[in-house]
Student: 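Sharing a structure below in structure tokens format, with a few things to ask.
Numbers restart at 1 for each chain; the letters A, B, ... are given by sequence-line order, proteins then strands.
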Number of protein chains: 2
Amino acid sequence: MARPLTDIDAGRDHLLNLVEQLIRERGAVSVTLSELASVAEMSAGNIYRFFDSKEALYEAIAERWFEPKIAIMEEVVASNVPVRQKLFDFFARRFSLMFSNFAADAVLFTSYCELGEEHFEIVRGYIDLGDHYLAMIVADAIEEGYFPGLSIDQSVSLINLMVQPFCDPKMMAMLGHSVTEEKLARIITAIFDGLGSDSKGLIEERDVKRTPELVS
Amino acid sequence: MARPLTDIDAGRDHLLNLVEQLIRERGAVSVTLSELASVAEMSAGNIYRFFDSKEALYEAIAERWFEPKIAIMEEVVASNVPVRQKLFDFFARRFSLMFSNFAADAVLFTSYCELGEEHFEIVRGYIDLGDHYLAMIVADAIEEGYFPGLSIDQSVSLINLMVQPFCDPKMMAMLGHSVTEEKLARIITAIFDGLGSDSKGLIEERDVKRTPELVS
């Protein structure tokens, strides 16, 4: 991971620290390049050496947020542990990292979440990347006989729904200490032991039993 | 459910329709009683016959939102179906109602969600009531041998986490068509077939395998 920084990299890094300071001070409000140049005591022309547009700046902010999570996912996917452990590590290690970021500075964390919502087109790519890694683990699990009757895509979607509060940083911030690693371990276990059994009967029965006046 | 409306009830109902119209037109901004009186062409004094404070107005808005959901929960808890079906119905029927409300008017739905976030102290009581009904179903399930090793409270908390995207209206609005009843049925089945197995090993293993530099 660690590599020698070029001058441009170092400059970008310094500017991103300043952006973080701005976000910390005043929340998730938009930062313009000329404003950032002024805070950095840099000419408006000079700042374009580091970020050639406001979009490039926001992409760099997102990259910095997601980089350690990607490192975790890559490490977990490459690790040599049973698939059940792998799926747990995949979510638990990112959860643990996010939760400690949240605990260290809840206001800054929440502001980053809001920035992410406002620039969801950038975040989207990282979510897709996460699904890609998740699909690799799920494919191994299916090969071992888990999630019978479910495709990789169906399993990925169901697993994401079942662990949503451990992945969505805003939800995590809202639920606080009611999301814990112990609960995540229980849920991952339930996913392996229970996901894939036939469940069509539940929907058919519901439609039979439902009283007509409550059908909208 | 249906009962003859008193004049006061009918007046409150009319005023709540006007509030809904205001929310529809301009989003989740605060509505004052004097403003509502003016829209209703009513004297400021007269409106106090219906709502004696702004808080009372917001409580009435919440009551109207939650009333059909409470009716569903009461009916499901009282129903004579297997416990697995009961838990599915408990979530699926409210999900189906909320999703059709969302589909009918996504903007109004989102505004109600925002109002709920702003007045969370009112919403809190309804969430607790939902947990109370859920605990009744869970107690039956535990009596039948489900969720081994888990208390009622632990099970309620885990189940709520696993079906969060089907209960949280804002999450539902965000995820849209990736939340479906078919997926909910799969998850409820996984809860019954998988929740309660021992999962301590996952956390112990994780702590062994984790590379030190990524521990924050």
Student: Check each atom of A:Phe166 against the heavy atoms of chain B and say whether the ones under 4.5 Å are side chain, backbone, both or neither.
Tutor: side chain
Student: Should the pair B:Arg64 and B:Phe66 be classed as cation-pi, given the thresholds of under 6.0 Å to the six-membered ring centre and 45° from the axis?
Tutor: no
Student: Might you point out which heavy atoms bring A:Phe99 and A:Val179 nearest each other, and give the distance in Å?
Tutor: CE1-CG2, 4.2 Å
Student: Out of the candidates B:Val163, B:Leu87, B:Ile152, only one should pair with B:Leu134 under the side chain to side chain contact (heavy atoms under 4.5 Å, CB included) rule; please name it.
Tutor: B:Leu87
Student: Check whether A:Lys200 gets within reach of chain B through its side chain, its backbone, both or neither, counting any heavy atom under 4.5 Å.
Tutor: neither
Student: Check whether A:Glu182 gets within reach of chain B through its side chain, its backbone, both or neither, counting any heavy atom under 4.5 Å.
Tutor: both
Student: Only pairs of heavy atoms separated by less than 4.5 Å count here; which of A:Lys170, A:Met174, A:Gln164 has the most with chain B?
Tutor: A:Gln164
Student: Check this for me: does any side-chain nitrogen of one of B:Arg84 and B:Asp193 sit under 4.0 Å from a carboxylate oxygen of the other?
Tutor: yes
Student: Over all heavy atoms of both residues, which pair between A:Ala141 and A:Phe147 is shortest? Give the atoms and the distance, please.
Tutor: CB-CE1, 3.7 Å
Student: A:Leu184, A:Asp198, A:Leu161: which one forms the most heavy-atom pairs within less than 4.5 Å of chain B?
Tutor: A:Leu161
Student: Please classify the contact between A:Leu202 and chain B as side chain, backbone, both or neither, with a heavy-atom cut-off of under 4.5 Å.
Tutor: both
Student: Got a second to check how far B:Arg186's CZ is from A:Ser155's OG, nearest 0.5 Å?
Tutor: 8.5 Å
Student: By a 4.5 Å heavy-atom criterion (distance strictly below it), what part of B:Asn101 contacts chain A: side chain, backbone, both, or neither?
Tutor: neither
